[in-house]
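The structure under discussion appears below in the form of structure tokens.
Per chain, numbering begins at 1; letters A, B, ... match sequence-line order.
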There are 2 protein chains.
Amino acid sequence: MSLDKRKIKILKAIISSYIDNAEAVGSRTISKKYKLGVSPATIRNEMSDLEDMGYLVQPHTSSGRIPTDKAYRYYVDDLWRKVKTTKNPNLDQLREIIEDKSNELDEIFKNSVRILSQFTKYTSFVVAPQLKQSIIKRIQLVPVSEYKVLMLIILQTNVVKQVMLILNSPIPYTQLDKISESLSEKMYGHKLEDIDKIKDNLIKELYYTKEAHSDALMELLPYLMEQIAKFEDVNVFSDGITNILELPEYNDVVKAREFISFIEDKSSVAKLLQHTSENDLDICIGSENKNLELKDCSLITATYKLNGKLIGRIGVIGPTRMDYNNVISTVKSISDAISEIINQNFSVENKE
Amino acid sequence: MSLDKRKIKILKAIISSYIDNAEAVGSRTISKKYKLGVSPATIRNEMSDLEDMGYLVQPHTSSGRIPTDKAYRYYVDDLWRKVKTTKNPNLDQLREIIEDKSNELDEIFKNSVRILSQFTKYTSFVVAPQLKQSIIKRIQLVPVSEYKVLMLIILQTNVVKQVMLILNSPIPYTQLDKISESLSEKMYGHKLEDIDKIKDNLIKELYYTKEAHSDALMELLPYLMEQIAKFEDVNVFSDGITNILELPEYNDVVKAREFISFIEDKSSVAKLLQHTSENDLDICIGSENKNLELKDCSLITATYKLNGKLIGRIGVIGPTRMDYNNVISTVKSISDAISEIINQNFSVENKE
DNA sequence: GTTAGCACTCTCTTTGATTGAGTGCTAACT
DNA sequence: AGTTAGCACTCAATCAAAGAGAGTGCTAAC
């Protein structure tokens with residue numbers, strides 16, 4: 001028995017009906033709505049075959065059929081060939097919405113997941129690039145008030161992190177630039193994540209640097225290093241969590257609660273995304289997911305890159321009967337938009 | 001007929017039973033669990049009186065009674081006298097949790113609502129102070145890369161806002177300090193919200209300032225002003241929205257959805273909080289709320305202050321049968337903690 | 001190979017009976 | 001006069017039985 005043309009037509013009809021209505025599909029429905037020119041009886045025979053082949057299941061003997069994960073996999077692989085070739089027309093529009101006025105990386109991600117969940121009606125999330133992997137370009141101390149100094153950590157990607165330092169005793173403004181220079185010189189080229197390991201050495205080295213040799217600085221150093229070490233490890237943004245309340249499969253509050261509590265746990269989501277393949281676009285259907293909690297969910301993720309290097313993933317999670325067509329192209333568009341935006345705004349400029 | 005001592009005891013017993021179980025309370029339950037030394041029959045008579053007085057209602061003839069908004073109002077007013085006098089013991093602990101490592105105002109608020117919803121098991125939110133009301137103390141431009149300059153706007157409260165400016169043509173680093181000085185001089189003392197109105201004047205004045213007279217600057221100015229004008233108007237943080245899924249009154253997914261979509265609309269929440277009284281602590285029970293959507297909810301809000309001036313509110317929203325005792329004291333504690341933290345970290349230092 | 005017909009299955013909805021928590025009233029008691 | 005036991009009554013919630021409806025599988029005819 002093989003998937004002949006008619007079987008394929010019927011299978012696709014069932015899948016697309018089930019995606020729309022979340023209700024088991026009967027032979028009559030297919031025959032009427034998807035006019036294949038054959039009677040329900042014929043369709044019943046074919047459906048029986050499709051069930052034997054593992055593409056359909058019946059929730060109970062006298063009900064219609066619903067697609068299995070295998071069916072979705074077939075459907076998606078088929079879709080895949082078409083999506084790949086169609087170019088997204090509205091990329092510029094997307095860029096405009098996502099691109100943030102304040103040029104903040106986090107804002108770009110927040111916008112992205114917001115748009116993504118609005119467009120797909122599912123839950124979406126993004127893992128922000130691991131800040132700790134970034135390399136320090138320069139440190140700049142800026143006086144704010146007598147006892148407050150703002151430390152700006154300028155990264156190679158031109159992302160600027162700010163840390164407010166509270167002083168025990170004031171440091172004259174005029175010294176701050178010199179201190180900044182010394183700090184920059186010593187910390188240049190190090191990754192943020194390495195600071196914690198080498199901080200003792202750094203402090204020692206700085207101690208012997210003539211310009212920086214002020215009591216105020218020495219007092220400040222351990223505190224300053226500590227603040228850097230405290231930067232967040234992974235950062236996950238999500239949006240549209242409550243979208244799932246609109247779906248009939250989550251009409252049961254208990255189910256909804258379970259899903260939400262899983263998704264709200266950022267570390268589990270981060271793990272989820274780190275365990276996916278390195279593919280540009282990854283589709284994980286139902287039981288293909290390693291997490292048992294997600295056996296009824298599909299996960300569509302795409303990568304975004306900076307200077308050609310993979311730095312994060314953005315994705316959508318929804319029921320296995322999700323609107324793959326829409327989700328796949330939306331995720332792809334938005335991940336492309338993110339890549340473009342960050343490459344334009346945050347790439348390492350070689351001319352320097 | 002008046003509220004004698006026994007009626008009060010019975011009323012309180014009913015309220016507290018209903019708060020615990022969300023189920024209509026019968027005379028037998030009261031008689032057994034709250035040993036008042038009288039029989040169910042007597043309690044029935046009293047309950048009937050309390051119903052006549054408007055403190056109780058029966059969902060249907062043969063059910064127990066549930067408290068009305070009037071009952072909660074009585075209960076809360078009574079509680080009020082006691083809460084007022086008890087000092088919160090764990091304020092220091094709270095401060096420690098809320099106080100943010102990075103000294104970011106937004107982080108403080110996010111922590112506050114997180115803690116608040118964790119402690120109360122309800123939904124909580126805070127309106128962040130209106131940034132636009134803040135007065136500019138100083139502007140500092142910091143070079144980031146050849147075509148990027150970070151503009152730091154240092155406010156009187158020592159909050160520092162950063163805006164990344166993308167240049168069309170590079171500005172020599174050495175000029176940036178001078179430009180910063182000119183900008184600071186002209187913009188000092190103005191409120192952020194006024195910048196938009198007076199920007200034309202500012203630009204003109206800066207044009208005639210000798211030090212700042214560089215083409216690069218002139219090109220930058222309109223762009224820079226525009227960025228400032230774009231700062232957000234109100235900022236609402238919320239947390240624990242999905243806590244309501246745990247409550248029996250929201251076992252109905254439709255109800256839950258309605259509640260959530262109301263709360264997720266930041267502007268409606270902002271409006272809600274701005275319409276409450278100026279009281280330090282405000283309690284709005286059920287139909288006392290102006291929003292029809294919240295007729296089954298109670299809203300407990302408290303103010304926080306900077307330099308004695310009210311700058312925002314934080315609050316909890318939950319069902320009318322909420323645990324007022326816990327919520328009131330928690331909201332109060334946390335608002336106090338916020339006040340302390342921001343007064344310590346963000347108050348205008350007079351010595352400067 | 002396709003289809004009409006029909007018996008069969010199983011869920012969903014409706015209906016009716018039963019249960020149980022709780023009330024209100026009355027009459028007796030303190 | 002206030003309190004209480006007793007009892008009839010009410011109504012939501014639960015459960016079982018019946019009926020409807022959607023859909024299947026099989027058979028026999030086209």
Side-chain angles (χ1 to χ4, degrees), chain A residues 1-11 13-15 17-18 20-68 71 248-249 251-252, chain B residues 1-11 13-15 17-18 20-68 71 248-249 251-252:
Chain A
M1 201 157 31
S2 74
L3 267 186
D4 56 48
K5 277 206 168 171
R6 193 169 65 187
K7 280 197 176 60
I8 292 175
K9 264 191 178 170
I10 292 173
L11 181 57
I14 293 173
I15 293 175
S17 167
Y18 190 68
D20 286 351
N21 309 314
E23 268 168 28
V25 190
S27 54
R28 243 176 77 87
T29 317
I30 297 297
S31 162
K32 263 204 283 186
K33 296 212 175 149
Y34 296 83
K35 36 192 169 187
L36 301 174
V38 287
S39 76
T42 310
I43 294 177
R44 275 206 289 284
N45 290 332
E46 297 283 41
M47 283 166 86
S48 181
D49 288 351
L50 285 168
E51 183 168 358
D52 289 342
M53 294 163 79
Y55 290 107
L56 298 176
V57 280
Q58 274 183 301
H60 48 268
T61 354
S62 69
S63 78
R65 263 106 171 167
I66 61 175
T68 60
E249 31 269 271
N251 261 352
D252 180 14
Chain B
M1 199 157 32
S2 75
L3 270 185
D4 56 49
K5 278 206 168 170
R6 194 169 64 187
K7 280 196 176 58
I8 292 175
K9 265 191 177 171
I10 292 174
L11 182 58
I14 293 173
I15 293 175
S17 166
Y18 190 69
D20 286 350
N21 308 314
E23 267 167 31
V25 190
S27 55
R28 243 176 76 88
T29 316
I30 298 298
S31 161
K32 264 205 282 186
K33 296 211 175 150
Y34 296 83
K35 37 192 168 187
L36 301 174
V38 288
S39 75
T42 310
I43 292 178
R44 275 207 289 284
N45 291 330
E46 297 284 40
M47 283 166 87
S48 181
D49 288 350
L50 285 168
E51 184 168 358
D52 291 340
M53 294 163 81
Y55 290 106
L56 298 176
V57 280
Q58 274 183 299
H60 47 268
T61 354
S62 70
S63 78
R65 263 107 170 166
I66 61 175
T68 61
E249 31 270 270
N251 261 353
D252 180 15

Protein-nucleotide distance ([X], atom [atom1]; [N], atom [atom2]), rounded to Å:
| X | N | atom1 | atom2 | value |
| --- | --- | --- | --- | --- |
| A/K32 | D/dG23 | NZ | C1' | 13 Å |
| B/E23 | C/dG22 | CD | C1' | 13 Å |
| A/K7 | C/dT2 | NZ | C1' | 14 Å |
| A/I10 | C/dT2 | CD1 | C1' | 12 Å |
| A/I14 | D/dG23 | CD1 | P | 12 Å |
| B/K33 | C/dG22 | NZ | P | 10 Å |
| B/I43 | C/dT23 | CD1 | P | 10 Å |
| B/R28 | C/dA21 | CZ | C1' | 9 Å |

*asked:* Can you confirm whether B/I14 sits close enough to B/T29 that some side-chain heavy atom of one is under 4.5 Å from a side-chain heavy atom of the other?
replied: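 Sidechains of B/T29 and B/I14: no contact.
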Any strand is fair game: report the nucleotide pairing with [N] by Watson-Crick or G-U wobble, both distances under 3.5 Å, or none.
| N | answer |
| --- | --- |
| D/dC30 | C/dG1 |
| C/dA28 | D/dT3 |
| C/dT11 | D/dA20 |

Identify all side-chain donor-acceptor contacts of residues 48-55 of chain A below 3.5 Å with residues at least two apart in sequence or on another chain.
| residue | atom | partner | partner atom | Å |
| --- | --- | --- | --- | --- |
| A/D49 | OD2 | A/K7 | NZ | 3.4 |
| A/E51 | OE1 | A/R65 | NE | 3.0 |
| A/E51 | OE1 | A/R65 | NH2 | 2.8 |

*Please report the shortest heavy-atom distance between A/V25 and A/M47, naming the atom on each side.*
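Smallest interatomic distance, heavy atoms only, reads O-CE, 3.4 Å.
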*State, to 0.1 Å, how close B/S31 and B/V38 come at their nearest heavy-atom pair, and which atoms those are.*
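Shortest heavy-atom separation between B/S31 and B/V38 comes out as OG-O, 3.5 Å.
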*Report the distance from atom OG of A/S17 to atom CD1 of A/I66, rounding to the nearest 0.5 Å.*
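If we round to the nearest 0.5 Å, A/S17:OG and A/I66:CD1 are 12.0 Å apart.
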*Kindly state which residues belonging to residues 44-65 of chain A come within less than 4.0 angstrom of DNA chain D, counting heavy atoms of the residue only, listed by number.*
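Result for residues 44-65 of chain A: A/R44, A/M47, A/Q58, A/T61, A/S62, A/S63, A/G64, A/R65, sorted by number.
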_Sequence neighbours excluded - salt bridge (Lys or Arg N to Asp or Glu O under 4.0 Å) pairs with any residue from residues 27-45 of chain A_ =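 Every candidate salt bridge (Lys or Arg N to Asp or Glu O under 4.0 Å) pair involving residues 27-45 of chain A fails, so no pair, neighbours aside, qualifies.
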*Just compare D/dT4, C/dT3, D/dG23 and give me whichever is closest to any side-chain atom of A/T29.*
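That would be D/dG23.
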*asked:* Check whether A/D4 reaches the backbone of A/R6 with its side chain - one donor and one acceptor, N or O, closer than 3.5 Å.
replied: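 Such a contact is found between A/D4 side chain and A/R6 backbone.
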